[in-house]
There are 2 protein chains.
Amino acid sequence: MDETMKTEPVQELSASLEDYLEAIFNLADESEGARSKDIAEALSVARSSVTGALQALREKGLANYRPYGCITLTESGQARAAEVVRKHNILKSFFVNVLGVDADVAQQAACKAEHALGPEIISRLLSFIKYVTESHRHGRDVAEEFREFHKSRSGRKARTVEP
Amino acid sequence: MDETMKTEPVQELSASLEDYLEAIFNLADESEGARSKDIAEALSVARSSVTGALQALREKGLANYRPYGCITLTESGQARAAEVVRKHNILKSFFVNVLGVDADVAQQAACKAEHALGPEIISRLLSFIKYVTESHRHGRDVAEEFREFHKSRSGRKARTVEP
DNA sequence: TGACAAAGTTAGGTTTGGCTAACTATTATG
DNA sequence: CATAATAGTTAGCCAAACCTAACTTTGTCA
């Protein structure tokens, strides 16, 4: 009997809006309530684009927003944001701690891939990170072993043309 | 002195156009020259959308296309397509053979993630697959071990509320 | 060969997400 | 408190992708 109660089928959200959600979530951690300016900066986007996105998020019931007001997320906004952030962290951790990628490359890749991978993959990825961590504690460090393997392998077949 | 010779900085390509490239590449394998109809079908898109994409690809020098003609890729079109396909296959293989994900879930995920991950990550992923394969040949199968680990772990923490 | 079906294109519309420039509100400061 | 600087909004524009509906080309076959 409450229109907010209609069995939401976890509405689809564009990559772009997920990015805004994530940025707001991160900014709201430090200092409560994000400022439009900082969102724009975090996403390298014009301030006016932020206004547009906030309106969209409000319409979807994800952000508490009114002109000139401070920006927070609703319950469901926080839930969605937390999900995105979780994906992000799992991906980044995998890239860094398993694949041995540089932190900033990993960061960027995670930003993009977080929108592309569903729960099944993410859950297994998390599991895999744990598996690798365990392997470390149990004396045969898979990540370390792989890094060795990778090092010895890379540098091969760089020049396919020259003899 | 040849205008096709201007040091191309590997022009950026949208995810959408990469998808078209990939579809054309795959269709052109069997039967030489892809048909618009089949591209539309492969990508679940209207036929008119394919026409638009083909014009864009032609403008970028990636597809040989003229109205009503048969569709092939140029040299550089093939190169780009092959790159995309390679990413796709590496990702899928990782999802299936390392993470143990179902083939069709992996297929879908690879389709999306292939546009999000750069060469650094892809190269390490490939390396990692090889590492896992080697581990198999050397008698301690990491993939298998992980699947065990995952099985035993999943099913845990399903109900976080009930005691 | 001529007509019809299938394939392809064009025209025109929508949505999303971004931009700049100009305007308005808020905040800070002398 | 007045006013300048900063933050935020609005208006208007653009481009990418997609769509439907109507039209044209091509190819098939009776």
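Naming: A, B, ... by sequence-line order, numbering from 1 per chain.
With sequence neighbours excluded, the residues forming a ring-ring contact (aromatic ring centres under 6.0 Å, His included) with A/Phe149 are B/Tyr131, listed by chain and number.
For the helix from C/dT1-D/dA30 to C/dG30-D/dC1, the rotation axes defined at the first and last 5 base pairs enclose an angle of 10°, given to the nearest 10°.
Rounded to whole angstrom, the span from the CD1 atom of A/Ile39 across to the P atom of C/dG17 amounts to 15 Å. Remark: P of C/dT16 and CG of A/Asp19 are 16 Å apart, rounded to the nearest angstrom. With rounding to whole Å, A/Glu59 atom CD is found 12 Å from C/dG17 atom P.
Checked by atom type and distance alone, the side chain of A/Arg58 never pairs as donor or acceptor with a backbone atom of A/Ala63 at under 3.5 Å.
The phosphate of C/dC19 (OP1 or OP2) has a side-chain N or O of A/Ser49 nearer than 4.0 angstrom.
The 12-atom threshold is not exceeded at CZ of A/Arg35, counting heavy atoms of other residues, nucleotides or ligands nearer than 6.0 Å. With a 6.0 Å radius and a threshold of 12 heavy atoms from other residues, nucleotides or ligands, B/Gln108 has its CD atom at or below the threshold. Few gaps surround CD on B/Gln107; more than 12 heavy atoms of other groups in view lie less than 6.0 Å from it.
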With sugar-phosphate taken as primed atoms, P, OP1 and OP2 and all else as base, the protein-contact string of nucleotides 7-17 of chain D at under 4.0 Å (heavy atoms; B, S, -) is SBBB------S
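With respect to the salt-bridge test (charged N to carboxylate O, under 4.0 angstrom), the residues B/Glu134 and B/Arg137 qualify. At a threshold of 4.0 Å, the pair B/Lys87-B/Glu83 does not count as salt-bridged, since none of the basic side-chain nitrogens sits closer than that to a carboxylate oxygen.
For an aromatic pair to be called close, the ring centres must be under 6.0 Å apart, and B/Phe128 with A/Phe128 satisfies this.
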